Participant: 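Following this message is one structure expressed as structure tokens.
Atoms within a ligand are numbered from 1 in the order they appear, just like the ligands themselves. Just so it is clear, the model here is predicted, and its values are computed rather than measured.
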Amino acid sequence: MAMTEHKTTAERGILIDGKQTARRLRQSIAHHVEVLVADHKIMPGLAVVLVGDDPASQVYVASKEKQAVAAGMRSYVHRLPKNTSQDALLELLRKLNKDKKVHGILVQMPLPKQIDTATVLRAIDPAKDVDGLHIENVGRLASGLPGLVPCTPLGCLTLLRSIVPNMSGLHAVVVGRSNLVGKPMAQLLLRENCTVTIAHSRTPQLPHVTRQADILVVAVGKPQLVKADWVKPGAIVLDVGINREQNAEGSRLVGDVDFASVREVAGYITPVPGGVGPMTIACLLGNTVAACCRQNELTVPELR
Ligand code: NAD
């Protein structure tokens, strides 16, 4: 399969518009919410728990709340002080697990240091774990069973499917092996029958590895790490990285990919911002609808 079929070498990589795809996905979600309300008298509910006052987390939580409400869902945001004890957080999660109006629960990361993240993730009912980080959902993804999948890799998969509906046999390279992005991304690509390579901070000759990729997903957190000569001509490049860079005019967001130079080589490329980022919250809403349907023994709609 030649990715270069999609563009001539004289052209620049085609932009993958995450904003537009996310908007379409949110519209489809809003429609399914309407159906759930009208036909079944069920309104999906998303509970988000924020501990502390990390400025970036506050922005993310406000955005999740706004978009959940815009999609017609109920949103419950629990803002807890920075010094909240682990026991108090676990008690809240027990209540949310039992609450029939709450179909999805997300604890915003990072948590303050007195709280053990793994313990908290395990305390969320796997059926409501819309971030897909509970070990049961991690195991389900790895075993090819239905479950809740982390939102950012799910968003990447949705973008990829809009370009290559059949990824079978393509070589996908994922740079980064976090539980949040890299590992679940690799599992999803494996499920699509890609040949998958996971690269990370200890991978020698990284540019040589990334140059093998038909699909390159970069989730590292290092501004503009990936250069044009790291990319195979015509490859699809998804840049998950969000890095704030200071310059003379103030600050701007940059990805893990050197966008301007890589765009000259890639077949398709996501910008930062406006690429993978907007897909994450849209997929969170999608996961909430899916969780709500499963909890009510209804068919999970195919959201795209
Ligand atoms: P992380 O710090 O948990 O993991 C980073 C991974 O990169 C690690 O597995 C590490 O081995 C690897 N790595 C580090 N340095 C490397 C190097 N020089 N070469 C190769 N690999 C290297 O980060 P994360 O949570 O996976 O997030 C990665 C990036 O994606 C961050 O910029 C984060 O802000 C962004 N992010 C974006 C979204 C979104 O919605 N778009 C969501 C989550 C994370």
Participant: For the pair Arg79 and Glu65, find out whether any cationic side-chain nitrogen is under 4.0 Å from an anionic carboxylate oxygen.
Facilitator: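 Salt bridge present between Arg79 and Glu65.
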
Participant: Counting from 1, what ligand 1 atoms have a heavy atom of Val175 closer than 4.0 Å?
Facilitator: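 Matching atoms, with element in brackets: 20 (C), 21 (N).
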
Participant: So with a 6.0 Å cut-off around CD of Gln205, is the heavy-atom count from everything else above 12?
Facilitator: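 Count not over threshold, so no.
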
Participant: Lys222 heavy atoms, cut-off 4.0 Å: which ligand 1 atoms fall inside?
Facilitator: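 This gives 15 (N) as the contact atoms.
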
Participant: Flag the pair Arg122 and Glu136 as a salt bridge only when some basic side-chain nitrogen lies within less than 4.0 angstrom of an acidic carboxylate oxygen.
Facilitator: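 Result for this pair is no, no salt bridge flagged.
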
Participant: For atom 28 (C) of ligand 1, which candidate among Pro184, Gly275, Ala219 provides the closest heavy atom?
Facilitator: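 Residue with the shortest heavy-atom distance to the ligand atom: Ala219.
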
Participant: Of Asn179, Val220, Thr152, which has the heavy atom at the shortest distance from atom 7 (O) of ligand 1?
Facilitator: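 The residue whose heavy atom sits nearest atom 7 (O) of ligand 1 is Val220.
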
Participant: Within a 6.0 Å radius of atom CD on Gln246, are there more than 12 heavy atoms belonging to other residues, nucleotides or ligands?
Facilitator: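 Atom CD in Gln246 is packed in, count exceeds 12.
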
Participant: What do you reckon, does Leu180 have a nitrogen or oxygen under 3.5 Å from a nitrogen or oxygen of ligand 1?
Facilitator: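 In this structure, Leu180 places no N or O atom under 3.5 Å from an N or O of ligand 1.
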
Participant: Can you find a non-hydrogen atom of Ala199 under 4.0 Å from ligand 1?
Facilitator: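 Ala199 does not count as a contact of ligand 1 under the 4.0 Å cut-off.
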
Participant: Tell me: protein heavy atom nearest atom 1 (P) of ligand 1, and distance?
Facilitator: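 Checking every protein heavy atom, the shortest distance to atom 1 (P) of ligand 1 gives Ser178 CB, 4.0 Å.
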
Participant: Below a 4.0 angstrom heavy-atom separation, can you tell me which part of Thr203, side chain or backbone, both or neither, approaches ligand 1?
Facilitator: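 The answer is neither.
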
Participant: Mark up the atoms of ligand 1 that fall under 4.0 Å of a heavy atom belonging to Asn243, in ascending order.
Facilitator: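 Once the distances to Asn243 are compared, the set is 32 (O).
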
Participant: With a cut-off of 4.0 Å, which atoms of ligand 1 are near a heavy atom of Gly277?
Facilitator: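 Answer for ligand 1: 41 (N).
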
Participant: Quick one: look up the protein heavy atom nearest atom 37 (C) of ligand 1 and list residue, atom name and how far away it is.
Facilitator: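 Answer for atom 37 (C) of ligand 1: Val240 O, 3.2 Å.
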
Participant: Salt bridge or not for Lys101 and Asp99, using N-O below 4.0 Å?
Facilitator: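 Between Asp99 and Lys101 there is a salt bridge, with a charged N closer than 4.0 Å to a carboxylate O.
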
Participant: Checking side-chain polar atoms at under 3.5 Å, does Gln295 have a donor or acceptor matched by the opposite partner on Lys100?
Facilitator: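 Judged by distance alone, the side chains do not pair up.
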
Participant: Identify, by atom number and element, the atoms of ligand 1 in contact range of Thr280, meaning under 4.0 Å from any of its heavy atoms.
Facilitator: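 Within the 4.0 Å cut-off of Thr280, ligand 1 contributes 39 (C), 40 (O).
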
Participant: Which residue holds the protein heavy atom closest to atom 31 (C) of ligand 1, what is that atom called, and what is the gap in Å?
Facilitator: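 Answer for atom 31 (C) of ligand 1: Gly221 CA, 3.7 Å.
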
Participant: Taking side chain as C-beta onward, heavy atoms only, is Thr203 less than 4.5 Å from His200?
Facilitator: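 They are in side-chain contact.
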
Participant: Should Ile269 and Ile242 be regarded as members of a common hydrophobic cluster, given that ILVMFWY residues are connected when their side-chain heavy atoms come within less than 4.5 Å of each other, either directly or indirectly?
Facilitator: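 Ile269 and Ile242: separate clusters.
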
